[in-house]
Amino acid sequence: MTQQTEPARRTPLNRDRVLRAAVALADRAGIEALSMRSLAHELDVVPMALYKHVANKEQLLDGMVDVIVGEIDPPAGDADWKSAIRRRILSARRALLRHPWASRVIESRTSPTPGVLDYLNSIIGMFRAGGLSADLTHHAMHALGSRVWGFTQELFPASPGPAPADADPQALAALLGEMATRYPHIVEIVLARPHDGESVVGQGCDDQFEFEFALDLLLDGFERLHRQGWTSVERF
């Protein structure tokens with residue numbers, strides 16, 4: 001009798017493997033390339049096999065968000081509330097920078113995932129453990145906005161960056177002079193600091209510095225209001 005060869009054993013498919021494969025695919029090819037069909041091809045399974053673990057693409061994206069949130073460092077238990085929140089938010093920023101598509105997916109969710117709720121709950125808990133009132137914490141979270149996730153919308157997406165090496169100096173000078181005449185204050189602040197040609201936010205600004213500057217400004221402001229006993233309720 002001819003001995004039949006035992007088929008190679010496949011790695012069992014489970015929800016965690018599906019989600020991590022989806023994250024890896026989005027990292028490599030971009031979130032636009034992600035579909036249930038492309039993910040099935042990545043995992044070498046038929047598309048219907050995925051639906052045992054995620055009901056549809058929206059549920060897949062929800063799960064991917066929770067994978068990214070899971071990469072954020074846990075709260076620091078030995079720090080004051082400002083330092084603890086700062087560390088946690090900067091860890092979130094590092095996680096999102098590793099996955100450039102993640103911020104868009106987080107913004108696109110219509111309902112918060114369990115991972116998102118856990119993260120937000122921990123940030124709020126740090127404020128409350130620091131003695132800030134629920135009222136001030138409410139407004140602090142609104143002020144932080146997307147910064148709580150480590151990203152912001154750039155104010156000057158078209159701000160002038162470093163000039164190309166082969167650019168005509170006279171033409172550039174003429175353009176800058178024209179802009180300075182019409183938009184003197186914009187040009188003034190753009191030229192006030194040296195620019196980083198490798199920046200990933202805006203064109204040339206040091207986005208990490210700008211993010212930390214704004215974060216520290218907000219945290220210092222929250223601390224000042226807390227010390228003043230600030231409340232949004234009108235006092236009579």
Just checking, is any N or O donor in the side chain of [X] or [Y] under 3.5 Å from an acceptor N or O on the other one?
X: D27; Y: W101; value: yes
X: S122; Y: R88; value: yes
X: T113; Y: D66; value: yes

Shortest non-hydrogen contact from [X] toward [Y]:
X: R98; Y: E71; answer: NH2-OE1, 3.1 Å
X: M64; Y: A26; answer: CE-CB, 4.0 Å
X: L50; Y: A40; answer: CD1-N, 3.7 Å
X: A214; Y: R147; answer: CB-NE, 3.4 Å
X: L136; Y: F222; answer: CD2-O, 3.7 Å
X: V23; Y: I68; answer: CG1-CD1, 4.0 Å

A side-chain contact here means heavy atoms from C-beta on lying under 4.5 Å apart; do K82 and M126 qualify? no
Would you compute the distance between atom [atom1] of [X] and atom [atom2] of [Y] and round it to the nearest 0.5 angstrom?
X: D118; Y: I123; atom1: CG; atom2: CD1; answer: 12.0 Å
X: R20; Y: R15; atom1: CZ; atom2: CZ; answer: 11.5 Å
X: L225; Y: S232; atom1: CG; atom2: OG; answer: 11.0 Å
X: L13; Y: D44; atom1: CG; atom2: CG; answer: 10.5 Å

Check against side-chain contact (heavy atoms from CB on, under 4.5 Å), S38 and L25: CA-CA 9 Å; S38 65; L25 178 58; 3.6 Å; yes
So does [Y] get a backbone contact from the side chain of [X], meaning a donor-acceptor N/O pair under 3.5 Å?
X: K57; Y: L34; answer: yes
X: S83; Y: A79; answer: no
X: T181; Y: G177; answer: yes
X: T137; Y: A134; answer: no

Indicate the ring-plane relationship of H142 and H139, choosing parallel, tilted or perpendicular according to the 30° and 60° boundaries. tilted
Kindly assign one of parallel, tilted or perpendicular to the pair W81 and F127, based on the angle between their ring planes and the thresholds 30° and 60°. tilted
Look at R182 together with E178 and state whether they make a salt bridge at an N to O cut-off of under 4.0 Å. no
R104/E32 salt bridge by N-O under 4.0 Å criterion: yes
Cation over ring, R93 on F211, under 6.0 Å and within 45°? yes
